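The shown structure was predicted, so the numbers you read here are calculated from the model rather than taken from an experiment. Numbered from 1 within each chain, the chains take letters A, B, ... in sequence-line order.
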2 protein chains.
Amino acid sequence: MHDPLSSTFAALADPTRRAILARLAMGETSVTELARPFEMSMPAVSKHLKVLERAGLISRGREAQWRPCRLDAGPLKDAASWIEEYRRFWAPYVDALERHLDRMFPPTPRSKKASKRQRGPNRQPKKGETK
Amino acid sequence: MHDPLSSTFAALADPTRRAILARLAMGETSVTELARPFEMSMPAVSKHLKVLERAGLISRGREAQWRPCRLDAGPLKDAASWIEEYRRFWAPYVDALERHLDRMFPPTPRSKKASKRQRGPNRQPKKGETK
DNA sequence: CAGTTAAATAACCGACAGGTTAAATATAGG
DNA sequence: CCTATATTTAACCTGTCGGTTATTTAACTG
């Protein structure tokens, strides 16, 4: 996929690449230096860097024969924003609070925001619905 | 990779799967209902659901011939935590503040936390370093 | 110039991702 | 038992991923 969010998440879906980003968070550095911690050939690291670059997560300069890499965390902002939309689903207190509020102020059909909070299976009853 | 964080990010790296999660955020529903918005066969959706399930992002019940899916956002918490570590790199105000603090209170070698904030290329000067 | 170092590219490989169609499975209902 | 519905599984295809080794490009050094 070519959408930026998919590229960002795909780039993060590899522990080597996440380690590279963690290293770059400590400062700009060379490819050889980035490759040092890994039991992996240089071309492999080079490919990981290309994935990160195409995802916009790093950019590279030129200094003599070195290509210093630096972190470019912009895309992480959108990734974080996407995930944050789901915070209430892993924050139990907020979740419990919401259920409580739903009981005190039941969501009405007119309220778009509230109608999103529907509970229960939400499937079409279709035929018999025996149970 | 089999580590949970990689599985989570890999699961999120597909727009169809993100849309499925968005739909499930509005409530539990059936596979057919989940598949409806997509121009894609049912087996394809089924595979996406399997990816999400193996990543721990959804779980499935059984109700007659339906297999209702529900969101299980637990893994998103760790993903969010990982990304949050980089917030300072996309939050310019915080970044500027940090540079300001570094100038007022220069990081010392003894301070592990501070020594992480090194600026500049951070590569080995090695040989000549002509410039 | 020749030699060294840094990094990228090319060519190749096995494994997996994402899709298809066709067949199998599970359950409800007449 | 037969049929319809919901969903999964099987088999297959194509493209991409993550890795390799060998080669090439680029820049400094003596």
Side-chain angles (χ1 to χ4, degrees), chain A residues 1-3 6-20 24 28-55 58-70 121-131, chain B residues 1-3 6-20 28-36 38-55 58-70 121-131:
Chain A
M1 288 298 165
H2 302 115
D3 63 295
S6 296
S7 300
T8 303
F9 282 131
L12 297 182
D14 183 286
T16 301
R17 288 194 289 264
R18 290 198 303 276
I20 287 173
L24 290 178
E28 191 172 321
T29 193
S30 70
V31 176
T32 307
E33 189 61 25
L34 285 172
R36 194 182 306 280
F38 307 108
E39 294 175 347
M40 172 183 316
S41 65
M42 285 283 295
V45 173
S46 203
K47 286 188 179 184
H48 282 303
L49 292 176
K50 184 164 289 182
V51 172
L52 290 169
E53 191 174 24
R54 299 187 68 124
I58 68 171
S59 54
R60 320 160 93 154
R62 163 141 256 169
E63 193 153 354
Q65 64 254 232
W66 293 273
R67 316 281 166 89
C69 299
R70 75 188 70 84
N122 184 39
R123 54 183 161 63
Q124 277 67 357
K126 298 253 176 188
K127 296 292 167 58
E129 190 65 18
T130 313
K131 196 172 193 178
Chain B
M1 285 298 166
H2 302 115
D3 63 293
S6 296
S7 300
T8 303
F9 282 131
L12 297 182
D14 184 286
T16 301
R17 288 195 291 265
R18 290 198 304 276
I20 288 173
E28 190 171 323
T29 193
S30 71
V31 176
T32 306
E33 188 62 24
L34 285 173
R36 194 181 307 280
F38 306 108
E39 292 175 349
M40 173 182 317
S41 65
M42 286 284 295
V45 173
S46 202
K47 284 188 179 183
H48 281 304
L49 293 176
K50 184 164 289 182
V51 171
L52 290 169
E53 190 174 23
R54 297 185 68 122
I58 68 172
S59 54
R60 322 162 92 155
R62 161 139 259 167
E63 193 153 353
Q65 64 253 231
W66 293 274
R67 313 294 305 275
C69 300
R70 76 188 68 84
N122 183 40
R123 53 182 161 60
Q124 276 68 358
K126 299 251 176 190
K127 297 292 167 57
E129 192 63 17
T130 314
K131 197 171 196 179

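Between R60(B) and the phosphate of dT7(D), there is no side-chain N or O to OP1/OP2 separation shorter than 4.0 Å. When the side-chain nitrogen and oxygen atoms of S41(A) are compared with OP1 and OP2 of dT20(D), one or more of them lie within a distance under 4.0 Å. In terms of phosphate contacts, R62(B) brings a side-chain nitrogen or oxygen within less than 4.0 Å of OP1 or OP2 of dT27(C). Phosphate proximity of dC17(D) to H48(A): absent, as no side-chain N or O sits under 4.0 Å from OP1 or OP2.
Here dA26(C) presents its P atom at 19 Å from CD of E63(B), a figure rounded to the nearest Å. The separation between L52(B) atom CG and dA17(C) atom P is 13 Å, rounded to whole Å. If you take CE of M40(A) and P of dT20(D), they are 7 Å apart, rounded to a whole angstrom.
For R67(B), the salt bridge (Lys or Arg N to Asp or Glu O under 4.0 Å) criterion is met by no residue, not counting sequence neighbours. Partners of R54(A) under the salt bridge (Lys or Arg N to Asp or Glu O under 4.0 Å) rule, at least two apart in sequence or in another chain, do not exist in this structure. Take S7(B) and apply the side-chain hydrogen bond (donor to acceptor under 3.5 Å, both in side chains) test, not counting sequence neighbours, and it matches no residue.
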Identify each atom pair where a protein N or O and an N or O of nucleotides 13-16 of chain C are less than 3.5 Å apart, giving names and distance.
none

Filtered N/O pairs between nucleotides 9-14 of chain D and protein, under 3.5 Å:
residue	atom	partner	partner atom	Å
dT9(D)	OP2	K50(B)	NZ	2.7

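With dA28(C), dT8(D), dT20(C) as the choices, the nucleotide that has an atom nearest any side-chain atom of A64(B) turns out to be dA28(C). In the set dT7(D), dT20(C), dA7(C), the nucleotide with an atom closest to the side chain of T32(B) is dT7(D). Across dA27(D), dG19(C), dA7(C), the shortest atom-to-atom separation from the side chain of Q65(A) is found for dA27(D).
Side-chain atoms of R17(B) do not come within 3.5 Å of backbone N or O of L12(B) as any donor-acceptor pair.
Annotation: proximity of residues 9-19 of chain A to DNA chain D (heavy atom, distance under 4.0 Å) is found for D14(A), R17(A), numbered in ascending order.
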